[in-house]
Each structure stands twice: as structure tokens, then as C-alpha cells.
Undergrad: 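Please read through the structure below; I'll follow up with questions.
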Amino acid sequence: MTWRTTTTQPAAQDTEAPRQARPRTRRGAARPASVVGVALAGVVLMSGITGCGPASSAAAGSSGGTKLDASCSGTTTEAGLEVTLKVSPCPAKGGGAAGTATITVKDAAGKAVQGAKVEINPEMPNMKMKGGNQAATADGDAYEAKLVLGMPGDWLVTVVVTPASGKETSTAFDVKAE
């Protein structure tokens, strides 16, 4: 680093004092504002690493839904209904390739719920992307829907079930697309 001994612009006659010399870097004079900006960015980064910042489950890699197991299947119970989501192909594919979501809905007695309206709503919380709601069609004791995940990453798939004789219930599943 070299020290500047003269100003870049000469001072006008008796109107202002000469500028104080500042250290020069390879790209020009050091800027105090840039130093403050870098220091502030360091403090923000460190607060996020040490956990002093706001808590976010999305930042931790979990979106808040039931995680799928190694066979890409997950089960949760909500409002007396047991909802199972099975994704194929396993693992789920991102990038616009359509997969299949098979949803099984059982009542408290373990009997399959027939005639329900079932819908899936995939979204990518970290990117604020929605995959579009897909209505599921009945397929024996289960329901099937097309599952389109726009890109690889962590997705939250919400399954909304409205039984023929009941109120709407929704539950969410974490799906990792590759």
C-alpha cells in the first residue's frame, strides 16, 4: 500500500483546506463506506451462523411437513383421518418431469375413505414457488394425482382431503426432488 502525498485536485485559492492524504489501494483510494459495509455483512453472517438471527424452519432444511421415508412414503393423522402419501418415481424428480402421487385416506377405524375430494398442492417454500393444485382421482381404495415439481430441491406437498360426510382436512409432507 502506498500513501498519497498530494491531492488529486488542487485546492482553490484560499477557499478550502487541502485534503487529508489517505491510503491508496490497487483500485483507488480506500472508501470508509465500503469498509463499514463489509463489517456489517460480516456481523449479519455471523449472527445467522451462531443462531442469533430469526429462526426459520425453511433455513434449517425442513418445511414443517411429515418427512417421507426411503420408499418415498409418509403417513400422518389429522382430524381423525390417516393420510398416506406415496411418491413415484422414488426419489421424486424435479425439473418438470411428471411423477405420481398416490394418496391413501383411512378413517379412525382403519377403513378406506371412499368418495372424498382429494387435492395436492406442491410448493417450494425456499423459492416461494407453487407447483399448481392437482385434483386426485379415485383409484380403488386410493387416490392418484399427477405430481409436477418444477425443479430439484425441497418441496412441501399439502394434501387436502374433503370427505363426502365431513369437513376439509389438510396435511403436509416434505418431498425432496432430485
Side-chain angles (χ1 to χ4, degrees), residues 38 40-178:
V38 169
L40 182 60
V43 168
V44 169
L45 179 64
M46 290 306 293
S47 70
I49 291 172
T50 61
C52 294
S56 170
S57 61
S62 171
S63 301
T66 301
K67 295 202 180 299
L68 300 183
D69 60 18
S71 66
C72 297
S73 180
T75 301
T76 187
T77 303
E78 190 73 36
L81 294 177
E82 181 183 282
V83 179
T84 302
L85 173 71
K86 181 162 181 52
V87 176
S88 62
C90 184
K93 302 292 181 206
T100 303
T102 304
I103 303 104
T104 306
V105 183
K106 295 181 181 178
D107 61 14
K111 186 177 175 188
V113 175
Q114 301 290 327
K117 177 184 170 196
V118 179
E119 181 177 273
I120 62 168
N121 307 316
E123 66 176 291
M124 190 175 223
N126 294 339
M127 302 291 285
K128 296 185 169 78
M129 277 178 48
K130 298 218 181 242
N133 301 350
Q134 297 290 327
T137 57
D139 183 24
D141 284 346
Y143 299 87
E144 235 177 56
K146 181 169 68 168
L147 180 64
V148 179
L149 305 175
M151 63 188 288
D154 296 321
W155 288 81
L156 184 68
V157 177
T158 304
V159 177
V160 181
V161 178
T162 309
S165 60
K167 73 175 210 174
E168 180 179 289
T169 301
S170 67
T171 187
F173 296 88
D174 287 328
V175 176
K176 174 96 174 147
E178 295 182 354

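Every heavy atom of this structure was used, including side-chain atoms; hydrogens, water molecules and symmetry mates were not. As the structure is a prediction and not an experimental result, all values here were calculated from the model.
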Undergrad: Please report the shortest heavy-atom distance between S170 and E78, naming the atom on each side.
TA: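 Heavy atoms of S170 and E78 come nearest at O-CG, 3.7 Å.
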Undergrad: What pair of heavy atoms forms the shortest contact from A177 to W155, and how long is it?
TA: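 Scanning both residues, the minimum pair turns out to be CB-CD1, 4.0 Å.
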Undergrad: Of all the heavy-atom pairs spanning P163 and A116, show the shortest one and how long it is.
TA: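 That would be CA-CB, 3.8 Å.
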Undergrad: Which donor-acceptor pairs under 3.5 Å do side chains of residues 79-98 form with protein atoms, sequence neighbours excluded?
TA:
{"from": "T84", "atom 1": "OG1", "to": "T75", "atom 2": "OG1", "distance (Å)": "3.0"}
{"from": "K86", "atom 1": "NZ", "to": "S71", "atom 2": "O", "distance (Å)": "2.9"}

Undergrad: Measuring from D174:CG to K67:NZ, what's the distance to the nearest 0.5 Å?
TA: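 So the gap between those two atoms works out to 4.5 Å.
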Undergrad: Ignoring hydrogens and angles, write down the donor-acceptor pairs under 3.5 Å from the side chains of residues 100-113, residues two or more places apart or on other chains.
TA:
{"from": "D107", "atom 1": "OD1", "to": "A109", "atom 2": "N", "distance (Å)": "3.1"}
{"from": "D107", "atom 1": "OD1", "to": "G110", "atom 2": "N", "distance (Å)": "3.1"}
{"from": "D107", "atom 1": "OD1", "to": "K111", "atom 2": "N", "distance (Å)": "2.8"}

Undergrad: In Å and rounded to the nearest 0.5 Å, what is the CG to CE distance from D154 to M124?
TA: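 Reported to 0.5 Å precision, the distance equals 6.5 Å.
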Undergrad: Measure the spacing between CZ of F173 and SG of C72 and express it to the nearest 0.5 Å.
TA: 13.0 Å
Undergrad: Could you note down all residue pairs passing side chain to side chain donor-acceptor pair (under 3.5 Å) where residues 135-153 supplies at least one of them, sequence neighbours left out?
TA: Q114-D141
